[in-house]
Amino acid sequence: MEEGRAVNGMHIGFDLSFSHTEGAWARQGSWVGQDFPDVRMYMELARTAERAGVGMLFFGDGSGIPSTWRGSIEPAVEWGIQWPRHDMSPVIAAMSTVTEKVGFGLTYSSTFMHPFYVARLLNSLDHVTGGRIAFNVVASTRGADAANYGFAELMDHDLRYERMEEFVAVCRALWDSVAPDAIVRDRATGRFADPSKVHPIDHHGRFFTVKGPLASVPSPQHHPLIVQAGNSPRGIAASARLADLVFGFGGNLMAQHRHRKLLDEALLAEGRDPADVGILWATQVIVGRTTAEARARRDAVHEFWNEEAVATYLSHNAGYDLSTLPQSFRLAELRDEIVAANASPAGLVGSLIAEFGEDHTMSRSEFFAHGRGRATGLDHSIVGDPATVADALEENFAATGSRGGYMFSSPLAMPSGFAEISELLLPELRRRGALAPAYPGATLRENLAV
């Protein structure tokens, strides 16, 4: 960062991807008389979040029921692991009708989807929300999703990112295919638009052939905010090329430093200023009026997670059937097997290597014991009263460069977990001056500027 350049406060997002799964639907503090996918739940939470000044409500996505563990969907169905998952675009549209400022992040897979469809949909949602849409573009790692789109297996890891970069390039070309001033709307002559400012894109790439132009009126942001979360070297390179905002894994300061350093280097190589690209660190928070209350809520989360639920979660998110684990193994051997299977070693396996080293030998039972903390998120949660949690966040934000902020998740019930972050933690952070100004601009891009 340039010497003397002002440091902004934290931006805050809420990750609502799993606010109804993994037993959250039944915990104390859950809705009574309303169940997922009742849109009224999300409309009420959107109001609460906007009152607290939350920058973005985010929805990850996955279209397959987890089936990696033992090749069956039965455990995921029985215990509600990472499912059900609905397309949240209509829910976002509904939430936008009861709010004015909070933004919305929507996820689609560049591995499976077509850019024309996604560009058109996001343009429409940007209109509906008045310029409050972000597009979280992902390179999918899960076989359960791939099978629903006609893929017998996932394409190579690096190829998925190559496809992602072309996907975003096509979306941007489509958004630019109708110039911002192309729409004339001259009531006297009846002339609607200037044809000289509407052009085909005639894209012919490795993965997509798209004629264009986009048959839509330019949206308030013109280009919805692009968010990307790649943590591998290839994923970080993609972030540097295409992302306006980056998601990163919180909870491990060494890993956060690595991500920030590699991203800054990649941004400079792309001719971009690292000070302009923030990271929202994915961070699970459990806050109570007292630390004892917060710890009791944390302990209650453990009760849901039996061994089968843990194994189903871990296998799905790695894209690798962990039922095949031997009784003991070196972490490097497991990482190499997962990579060879075109799956993702970045989650639990990556964190264990960072903690113990790649030559560490681990037993199967030890692995799943560590995995329980990963599945619950309790191995990297911040737990305490508002002051305790705020202290930890301020320290971490300063240590990671003070660019971006936090994407909060909660393992507690919907809506109480997020309501308490809104009503207990965020007022404490705002009182300290730790938060970025709430909604200084008219669009999500302006409001999440670093």
Side-chain angles (χ1 to χ4, degrees), residues 9-36 40-58 99 101-102 250-251 280-305 372-373 375-399 405-439:
M10 305 172 191
H11 294 282
I12 302 298
F14 281 178
D15 184 354
L16 305 181
S17 308
F18 302 106
S19 58
H20 61 285
T21 61
E22 284 81 53
W25 58 274
R27 292 192 181 108
Q28 185 177 8
S30 58
W31 289 103
V32 175
Q34 294 181 18
D35 294 298
F36 179 85
R40 293 173 297 174
M41 299 164 58
Y42 292 96
M43 295 167 76
E44 180 58 33
L45 184 58
R47 294 186 190 100
T48 300
E50 186 166 271
R51 285 195 298 270
V54 173
M56 178 167 61
L57 302 177
F58 170 78
T99 56
K101 299 180 182 298
V102 66
L280 292 185
W281 300 108
T283 304
Q284 186 163 275
V285 168
I286 300 175
V287 62
R289 288 162 182 80
T290 65
T291 294
E293 181 181 58
R295 289 173 177 169
R297 290 171 176 169
R298 175 198 60 193
D299 295 343
V301 173
H302 272 297
E303 298 174 5
F304 166 79
W305 287 93
R372 193 168 193 237
T376 60
L378 298 179
D379 63 347
H380 57 276
S381 294
I382 303 176
V383 181
D385 61 24
T388 300
V389 176
D391 286 345
L393 291 169
E394 285 193 296
E395 181 179 351
N396 181 261
F397 189 61
Y406 296 93
M407 178 63 71
F408 289 142
S409 60
S410 172
L412 305 182
M414 170 80 162
S416 61
F418 289 102
E420 286 163 354
I421 295 173
S422 299
E423 295 165 356
L424 297 177
L425 175 60
L426 296 190
E428 173 67 16
L429 288 168
R430 198 167 299 284
R431 182 187 65 77
R432 298 178 180 206
L435 296 182
Y439 315 125

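Quick note: residue numbers are just sequence positions, from 1.
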(message) Among residues at least two apart in sequence or on other chains, which ones pass side-chain contact (heavy atoms from CB on, under 4.5 Å) with Ser19?
(response) Leu16, Tyr42, Met414, Phe418

(request) Tell me, please, which residues at least two apart from Ala392 pass side-chain contact (heavy atoms from CB on, under 4.5 Å). (result) Ile382

(message) Whether the side chain of Arg289 engages the backbone of Pro386 through a donor-acceptor N/O pair (distance < 3.5 Å, no angle test) should be reported.
(response) no

(request) Identify, with sequence neighbours excluded, every residue that meets salt bridge (charged side-chain N to carboxylate O under 4.0 Å, His left out) alongside Glu44. (result) Arg47

(message) Taking atom CH2 as the centre, does Trp25 end up with more than 12 heavy-atom neighbours from other residues, nucleotides or ligands that are less than 6.0 angstrom away?
(response) no

(request) Any side chain to side chain donor-acceptor pair (under 3.5 Å) involving residues 412-435? Give me the pairs, sequence neighbours left out, ordered by first then second residue. (result) Arg297-Glu420, Asp391-Arg432, Glu394-Arg432, Glu428-Arg431, Glu428-Arg432

(request) Just jot down the side-chain contact (heavy atoms from CB on, under 4.5 Å) partners of Arg372, sequence neighbours excluded, or say none. (result) His302, Trp305, Val310

(message) Checking His20 now: which residues fulfil ring pair (Phe, Tyr, Trp, His ring centres under 6.0 Å) with it, not counting sequence neighbours?
(response) Phe36

(message) Just to verify, what does Ser381 make a side chain to side chain donor-acceptor pair (under 3.5 Å) with, not counting sequence neighbours?
(response) Gln284

(request) Mark yes or no for whether Thr283, through its side chain, and Trp281, through its backbone, hold a donor-acceptor pair below 3.5 Å. (result) yes

(message) Using a 3.5 Å distance criterion without hydrogens, assess whether the side chain of Tyr439 forms a donor-acceptor pair with backbone atoms of Gly55.
(response) no

(request) Kindly say whether Leu393 contributes a backbone atom to a donor-acceptor pair with the side chain of Tyr406 at under 3.5 angstrom? (result) yes

(message) For Arg27 and Phe304: C-alpha separation, side-chain torsions, deciding distance, then whether side-chain contact (heavy atoms from CB on, under 4.5 Å) applies.
(response) CA-CA 9 Å; Arg27 292 192 181 108; Phe304 166 79; 3.6 Å; yes

(message) Please report the interatomic distance OG1(Thr48) to CE(Met43), rounded to the nearest 0.5 Å.
(response) 12.5 Å

(message) Can you list everything that forms a side-chain contact (heavy atoms from CB on, under 4.5 Å) with Ser17? Sequence neighbours excluded, please.
(response) Asp15, Phe58, Arg85

(message) To the closest 0.5 Å, what do you measure between CZ (Arg51) and CG (Leu426)?
(response) 12.5 Å

(request) Output, in order, the C-alpha distance, side-chain angles, deciding distance and verdict of side-chain contact (heavy atoms from CB on, under 4.5 Å) for Val287 and Phe408. (result) CA-CA 11 Å; Val287 62; Phe408 289 142; over 6 Å; no

(request) With rounding to the nearest 0.5 Å, note down the distance linking OG1 in Thr291 to CG in Asp385. (result) 3.5 Å

(message) Are there over 12 heavy-atom neighbours, none belonging to Gln34, within less than 6.0 Å of that residue's CD?
(response) yes

(request) Kindly write out the residues that satisfy side chain to side chain donor-acceptor pair (under 3.5 Å) with Ser30, not counting sequence neighbours, or none if the list is empty. (result) none

(request) With sequence neighbours left out, write down each residue that passes side chain to side chain donor-acceptor pair (under 3.5 Å) with Thr99, or none if nothing qualifies. (result) Arg132

